[in-house]
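Lettering of chains follows the sequences in order, A, B, ..., and the numbering in each one begins at 1.
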Amino acid sequence: MNIKIVFPDNNEQSFPIGMTVYDAIAAWQKDILKTAVAAKVNGVNVDLNFVLKEDSKVEPILPTSKEGLSVLRHSISHVMAQAVQDVFKGTKVTIGPSIEDGFYYDFEYAEPFTLDDFEKIEKRMWEIVAADYPFVREELTREKAVELFAEKHEDYKVEIIRDLPADVSVVSVYRDGDYVDLCRGPHIPSTGKIKAFKLLSVAGAYWRGDERNKMLQRIYGTGFADKKALEDYLNLLEEAKKRDHRRLGRELDLFQVNEEAGAGLVIFHPKGMLLRYIIEEWERKEHLKRGYDMVMGPQILKVDLWKKSGHFDHYRDNMYFTEVDEQTYGIKPMNCLSHMLIYKSKIRSYRDLPLRYFELGTVHRHEKTGVLHGLMRVRQFTQDDAHILCMPEQLNSEIRAIADFVNYAMGIFGFEYEVELSTRPEHSIGSDADWELATTALENALKDNNITYEVNEGDGAFYGPKIDFKIKDALKRKWQCATIQCDFTLPERFDLSYIGADGEKHRPVMLHRVILGAIERFMGVLIEQYAGAFPVWLAPTQCVLLTVTDKHIPYASEVHKRLLAADIRAEKYFDNEKLGYKIRQAQLQKIPYMLVIGDKEMEAGTVAPRLRDGQNLGALPVEQFIALVREMCEKKK
RNA sequence: GCCGAUGUAGCUCAGCUGGUAGAGCAACUGAUUCGUAAUCAGUAGGUCAGCGGUUCAAAUCCGCUCAUCGGCUCCA
């Protein structure tokens, strides 16, 4: 489908939908480019591009819009590639897209780029910007394009063109000045439109994302419509760093990951453990409410069982093993096996199903050193794991119930999440028919629940497809927490059965699922979500007693006892310091209530709560304060 | 595992081209008894990540290992 554009000289031309006006104009007659762009859109004053829409309207892409930023950043990445090739002769270019908060470009160059090189590259980039080269689109036949890039020894570009689908006969390249890059476009009109950018980091990245390929050097950067927006973004990054759970974990004395203990092994300090305990207690109650049975299996199981389940063949590299009395045991990387044995301990009837086994199961996985990250990626962690054994016809309602549970839990903890459906991976077990059935079951449940999701091809577990729920950390990195995995294979391998209404044996289906995922990871994201200022029901310390002078200690101690007796987590700041000092300490610890206790309170039998935001609640009788905290806990605030 | 960077007191960091370690905050002790984000003074604290090498001499140079950080691949 084509649409018409009327140019300023009343010349009418039609162009395919999706093409930008800039490209359309360039394709038509590039010498009237500037006036055309400026005059094009009903008096809307814009710097960047316009895009053609279905409804024949020409919409401007503003430099502040998502689309506009993406175009701008893509153009900046071209300028960066151009600068890198100018500064470091012999650099080969590969690909350089815009991404959520910026852009990157992957290069091949013999020497590693350093942060010091950024200055040189940025300097050259500003020169290119100052030259205000127009971005000019040009279309070439495949053959011509291969010729062009082969001549420049751009092997990666040649490979990209050669790998294009057979029906692509024409490719586009963009020129700015004497630089030319293979690119689909669109771009901004000229390099001079670039006002604000910054190169941020350099990292390794495999060519085409495959670890068997050569490792390239990726330079990350970001760009904005103006300097102010760039500064705001950089400040935001600084703020995000203050929320980093690794930093808050130390400052709030929650946990440590100690080099002496080993990489990826978390040591919970008293306050961190208290937070974890609160979450775990909440979990147990919520699971019991929903018809789950609590169970518990051993940390190590004989290796033969892991062979039977398929873990030994498919997951061995990630497992720890130990040998005792000439028996090899596998330390569990997953909790399912014990649950299978529980199911098998009796003959099961269709009347018993579904059976839902829940375990706060601690697992060990030997993760590669390079992936370890605070609480988010560790080698020992505890999942709020459950295995549901049900009849195939119960799958849909079970999956829906889990999705509801996840939604409820995320609401309680204040997270938004994204949903992905991951399908069969390269290395997997089970029949095609079962994979088909399992994938459809998951997909149908999502559709029936009106849950929007994206499909992640080939990202399933080796034993089945899965639905993943992802939440974001302070730096917007997504972390998978909840997951639902559909498994026909393990029931098969363990020969699980139930007696149906027909008196015959049938095979149950198994769902593996977690709600919060790994407690460690969930706590990591939770810490960042609240920047350490936990809601009252979660706060390891809910209130702290601040004495004005030593003579208030006896009364404050009395109040402390009453609070503890009322299940309120209270601390004592009775040291010989000024009130201001103690307020500051409590503030830094992000404690919800600071109870000031001086002469007035001692005489009246009250406490004077101060909130984290500086607000004073005035004097309250102790009982009233207790009631207040209880109410906050009940409302999960 | 791969690419790159980093590792000095509990934390944040100084320590130039090799000559034997320093600040602020925190901690501890004492004085002060004080009303909503830092009272004053003093004291103590380091096999410079570990191991090995070069050197008359290594925090500093070289190698290996461990760990951390930013990514890639992988993943809860």
Side-chain angles (χ1 to χ4, degrees), chain A residues 104 106 111-116 200-220 241 244 246-247 250-251 253 256-264 315 317-318 333-335 361 363 365-379 381-385 422 425 459 461 466 468-470 475 477 479-483 485 512-522 524-525 546-553 575-588 594-601 608-612 614-616:
Chain A
Y104 69 77
D106 286 349
E111 298 295 314
F113 297 130
T114 66
L115 292 178
D116 296 334
L200 296 172
S201 64
V202 57
Y206 299 105
W207 167 235
R208 298 203 148 162
D210 190 327
E211 66 180 329
R212 288 165 297 196
N213 286 343
K214 192 175 171 68
M215 185 157 262
L216 307 167
Q217 297 191 64
R218 173 172 299 179
I219 298 180
Y220 284 92
K241 274 189 197 161
D244 191 313
R246 292 165 296 188
R247 175 181 176 148
R250 188 181 60 236
E251 289 173 359
D253 200 11
Q256 62 174 303
V257 182
N258 191 308
E259 184 178 344
E260 280 185 275
Y315 207 73
D317 292 348
N318 280 305
M334 297 179 192
N335 302 302
V363 296
R365 297 184 187 174
H366 186 263
E367 301 292 346
K368 292 174 180 177
T369 49
V371 306
L372 301 174
H373 181 94
L375 290 182
M376 307 294 202
R377 198 73 186 273
V378 294
R379 285 178 170 163
F381 57 97
T382 299
Q383 298 174 299
D384 57 340
D385 207 357
S422 298
D459 211 30
K466 55 179 185 165
D468 290 329
F469 299 77
K470 301 194 173 183
L475 290 171
R477 289 180 290 212
W479 294 98
Q480 181 181 320
C481 288
T483 171
Q485 308 178 349
H512 308 243
R513 51 105 282 192
V514 290
I515 302 296
L516 307 183
I519 304 291
E520 287 78 359
R521 172 179 294 179
F522 188 77
V525 191
L546 315 177
T547 46
V548 177
T549 74
D550 286 356
K551 69 177 173 187
H552 307 116
I553 291 177
D575 4 321
N576 176 10
E577 288 289 351
K578 286 184 165 180
L579 182 61
Y581 177 87
K582 296 182 195 183
I583 296 264
R584 181 178 150 81
Q585 297 308 310
Q587 199 72 44
L588 291 174
M594 295 159 231
L595 305 181
V596 175
I597 295 184
D599 288 340
K600 279 181 276 178
E601 290 73 24
R610 177 192 199 273
L611 307 186
R612 282 178 286 206
Q615 194 190 336
N616 279 317

B:C25 and B:A5: how far apart are their P atoms, nearest whole angstrom? 35 Å
Looking at the base of B:G50, is there any donor atom on it, or on the side chain of A:E260, that sits under 3.5 Å from an acceptor on the other one? no
With respect to the side chain of A:Y581, which nucleotide from B:C72, B:A37, B:A27 is positioned closest? B:A27
Contact under 4.0 Å: A:R246 side-chain N or O vs B:G70 OP1/OP2: yes
So, does A:Q480 get its side chain near the phosphate of B:C75, meaning an N or O under 4.0 Å from OP1 or OP2? no
Should B:U12 form a Watson-Crick or G-U wobble pair with both distances under 3.5 Å, which nucleotide is its partner? B:A23
Complementary nucleotide of B:G35, counting Watson-Crick and G-U pairs under 3.5 Å: none
Any donor-acceptor pair under 3.5 Å between the side chain of A:R212 and the base of B:C2? no
Rounding to an integer number of angstrom, what distance separates B:A14 and B:U6 when you compare their P atoms? 12 Å
For A:E520 and A:T382, indicate whether the former's side chain and the latter's backbone hold a donor-acceptor pair under 3.5 Å. yes
Between the base of B:G1 and the side chain of A:Y206, is there a donor and acceptor pair under 3.5 angstrom? yes
What's the closest nucleotide to the A:A263 side chain, out of B:U68, B:C75, B:G35? B:U68
Complementary nucleotide for B:A41 - Watson-Crick or wobble, under 3.5 Å: B:U29
When you get a sec, tell me which of B:C72, B:G7, B:G4 is the closest nucleotide to the side chain of A:E259? B:G7
Determine the Euclidean distance between corresponding C1' atoms of B:A26 and B:C11; express it in Å to zero decimal places. 7 Å
When both hydrogen-bonding distances must be under 3.5 Å and the geometry is Watson-Crick or G-U wobble, what is B:U47 paired with, if anything? none
Look through every strand shown and name the nucleotide pairing with B:U54 as Watson-Crick or G-U wobble, where both distances are under 3.5 Å. none
Whether A:K214 side chain and A:W207 backbone form a donor-acceptor pair below 3.5 Å: no
